[in-house]
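Encoded as structure tokens, the structure appears first; notes follow it.
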Amino acid sequence: MAQRLFLGDEAVAQGALDAGLSGCYAYPGTPSTEILEYIQTSKLAAERNVHREWSTNEKAAMEEAIGMSFAGKRAIVCMKHVGLNACADGFMNAAVTGARGGLAVVVADDPSMHSSQNEQDSRYYGQFAMIPCLEPSSQQEAYEMMSKYVFGESEAKGTPILVRLTTRLSHSRANVEVGEASPIPAAVTADASDRHFVLLPAIAKKNYERLCAKQGTFEAMSEESPYNAYLEGADKSVGIVASGIGFNYVMEAFGGKCPHPVLKISQYPLPKKKLARLLSECQSIVCVEEGMPFIEQQLRGPLADPRIKGRLTGDLPRTGELNPRLVAEAFHLDLPAVPVVSPLVKMRPPRLCDGCPHADTYRAINAAIADMPNARVFGDIGCYTLGALPPYNAISSCVDMGASITMAKGAADAGIGPAIAVIGDSTFTHSGMPGTLDCVWEKSPVTILILDNLTTGMTGGQSSVGAGRMEAICAGLGVEAEHIRTIVPLPGKHDENVAVLREELAYAGPSVIVARRECIQTLRHKVKK
Amino acid sequence: MKNDIVLAGVGGQGILTIAAIIGKAAMDQGLNVKQSEVHGMSQRGGAVLAHLRLSSEPILSDLIAACTADVIIAMEPMEALRQVQSLSPSGAIITASKPIVNIPDYPEVEAVVAELKKHPRAVVIDADEIAASAGNARGSNMVILGAVSRFLAMDAQTLRDAITGFFARKGDAVVAANLKAFEAGRKAAE
């Protein structure tokens, strides 16, 4: 057994490789990005020719992984929590088709929104799709789940399995005992007449009935799971349900020896027998969960059983991630007073890098619309979202991937003008193209700025599948050639760029301005090499 | 043995490199390690934070509880001050003195340093100056690591080996320059 220092993401990746993975599919998104990045640099993955390219978006990644499962091979698809929204269609229906080759859907949630727009909890998606969900509590457990459990169970039960990570596991390193890599197993074969993956109503109804019938099996898996454990405790005034990394905070709060019974949950659906035992033995229950009150809500029920405490009762904060102090406070432990932070300490929010091309683009936009009070700029997801902050104060929206263009169109439909969309190259190919086509079809007066920095910048410079080809893509979508412009966002070209912007803002139809200059960070890395 | 270390700085200052080197050295010494860091948007010129825990016993939480850290390591004085809630009453603060002024309301740096020095075990050093004198102007983070090496329950040689391993692929000259910055920082904290 070798020991490695792994991020939770890397433990997932190595575990999947050691289980005989054939393909990893993903779109970058914090805090999930390092899973595929690890596989891209793994020697084992290269030797085995494991699929390890970035996909255009999560929907493509999900369906590519489903295709690999269809072919009988083991696949994972990885994304951040909101990425699961982008591929929810494929995800929900993969639960209905079932899996052939082992299929793991790995989703990294970002409670406290360190780098996200919301803190949705993917366990609800597992429940919604009615499939098993794993929630590792440590890097070691993540490795073991991936290397020894997920793919075999997925194949044996014929179901995709959701693996839910959270920021403090994905982005925390720990020593992990790594085992031997298993060979890539032979493909799970199926008769050519097998129609499981054909979700025509007649077949889908049967599949769905079978999925419903499997729920007992999934509950039994949780009941027997090596990852769910009932820890005895003498003081039964309180029982604790601790899921995922919440378990670590509980054990830390009690110095490793908790006097109360603890039910550690790392696999769903909830193990009813174990829960029933805890509820029957203890006077009250505290639920410690990273993310939303998923277990707590189920235990409280519609009548809000007063014995069940947690985030909904204020014993823990309703929002944000947990930490050992918050958990210790929930148990009213004797704790030292926390000193007040000096008023000298000021906020230091993130900002665009010095020399960032987006900064020059925002300066040009602000200058171009300075005398247009009815102009609105619709933003998107990426580093350029920081254009919402001073000194730019340039954008009025940031909702979801691709929404700059479609929101600009909707606002233009309602009379806002000029309506300007600002979107990065990777976000444009992720989900900006359909909205552009809508603008072309309806000849909408929308000016789309594609900030082509030739990379997926925010997540650390991953390849962007359409980078450098934005003009050709837009021409293909039907944007008129004379309204596809290219500018170079540099301080010395400011006046020229403002003039191009004003020309296109004056045009009462769809136009695209590609602002192309390489990300200063990827450029710096290249120069270093 | 246990060391709970909070690392703070501004995106791009190299605190994750310090954390990675200490973490590697600890693992080579047979210790358990947990190191939590934040990636993504927060790295873009904003305040950056990492928690690093080393122990001969199994480590539970990935995060360090308030008032329990043994050491705060900072590459910037206001960022050191931001993390004082983490520090145990007997803990130490090791920080670089040079401010990164990229916000309009940055406080008087003298006031920040004075506030830090109220703490009984605060070491405030001009890491940039020491690194430059040691002939490695980009080695400020290794100067801080050298200073910190006096406060860790860890053998300095293990840290030197980890620095060598970390920079090995960049060549002997880079390794030597970083080791020199490390020694200069170690001397400054004597």
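When the candidates B:Asn102, B:Val84, B:Leu31 are compared by the number of heavy-atom contacts under 4.5 Å with chain A, B:Asn102 comes out ahead. Between chain B and the residues A:Pro28, A:Ser138, A:Ala174, the largest count of heavy-atom pairs under 4.5 Å involves A:Ala174. Heavy-atom pairs under 4.5 Å with chain A were tallied for B:Pro107, B:Ser61, B:Ala111; the largest tally goes to B:Ser61. Among B:His51, B:Glu57, B:Lys170, B:Glu79, the residue with the largest count of heavy-atom pairs under 4.5 Å with chain A is B:Glu79. Chain B forms the most heavy-atom pairs under 4.5 Å with one residue out of A:Met347, A:Arg325, A:Lys346, and that residue is A:Lys346. Comparing B:Ala65, B:Cys67, B:Ala20 by how many heavy-atom pairs each has under 4.5 Å with chain A, the most go to B:Cys67. By number of non-hydrogen pairs under 4.5 angstrom with chain A, the leading residue of B:Thr68, B:Val112, B:Leu52, B:Leu81 is B:Leu81.
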* To do: I would like to know whether B:Asp70 and B:Lys2 meet salt bridge (Lys or Arg N to Asp or Glu O under 4.0 Å); could you show each step before the answer?
  => CA-CA 9 Å; B:Asp70 301 300; B:Lys2 83 142 190 131; 3.5 Å; yes
* Please assess B:Arg53 against A:Glu252 for the test salt bridge (Lys or Arg N to Asp or Glu O under 4.0 Å), listing each intermediate value before the final yes or no. => CA-CA 13 Å; B:Arg53 312 191 69 193; A:Glu252 179 88 20; 2.9 Å; yes
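Using a 4.5 Å cut-off between heavy atoms, A:Ala337 touches chain B through its backbone atoms (N, CA, C, O) alone. Interface remark: A:Thr167 contributes no atoms to any contact with chain B (heavy atom separation under 4.5 Å). With a threshold of 4.5 angstrom between heavy atoms, B:Lys24 approaches chain A through N, CA, C or O but not through any side-chain atom. Within the 4.5 angstrom heavy-atom criterion, only backbone atoms of B:Ile64 (N, CA, C, O) approach chain A. Looking at A:Pro31, there are no atoms closer than 4.5 Å to chain B (heavy atoms on both sides), in backbone or side chain. Contact annotation for B:Ile100: both backbone and side-chain heavy atoms come within less than 4.5 Å of a heavy atom of chain A. Proximity to chain A (any heavy atom under 4.5 Å) is shown, for B:Leu63, by both the backbone and the side chain. Both the backbone and the side chain of B:Gln85 come within less than 4.5 Å of a heavy atom in chain A. Contact annotation for A:Leu335: neither backbone nor side-chain heavy atoms come within less than 4.5 Å of a heavy atom of chain B.
Note: A:Phe331 and A:His260 have parallel aromatic rings, judged against thresholds of 30 and 60 degrees for the angle between ring planes.
Ion pairing between a basic and an acidic side chain is recognised when a charged N comes within 4.0 Å of a carboxylate O; B:Glu37 and A:Arg168 show no such pairing. With salt bridges taken as basic N to acidic carboxylate O contacts below 4.0 Å, none links B:Glu129 and B:Lys98. Ion pair A:Arg348/B:Glu76 flagged as a salt bridge, since at least one NZ, NE, NH1 or NH2 atom sits closer than 4.0 Å to an Asp/Glu carboxylate oxygen.
Atom CD of A:Glu518 sits about 11.5 Å away from atom CZ of A:Arg524, to the nearest 0.5 Å.
Within a 6.0 Å radius of CG in B:Asp105, more than 12 heavy atoms belonging to other residues, nucleotides or ligands are found. Counted within 6.0 Å of NZ on B:Lys187, heavy atoms from surrounding residues, nucleotides or ligands total 12 or fewer; the atom is thus considered open.
Side-chain contact between A:Trp54 and A:Glu37 is present, with at least one heavy-atom pair separated by less than 4.5 Å.
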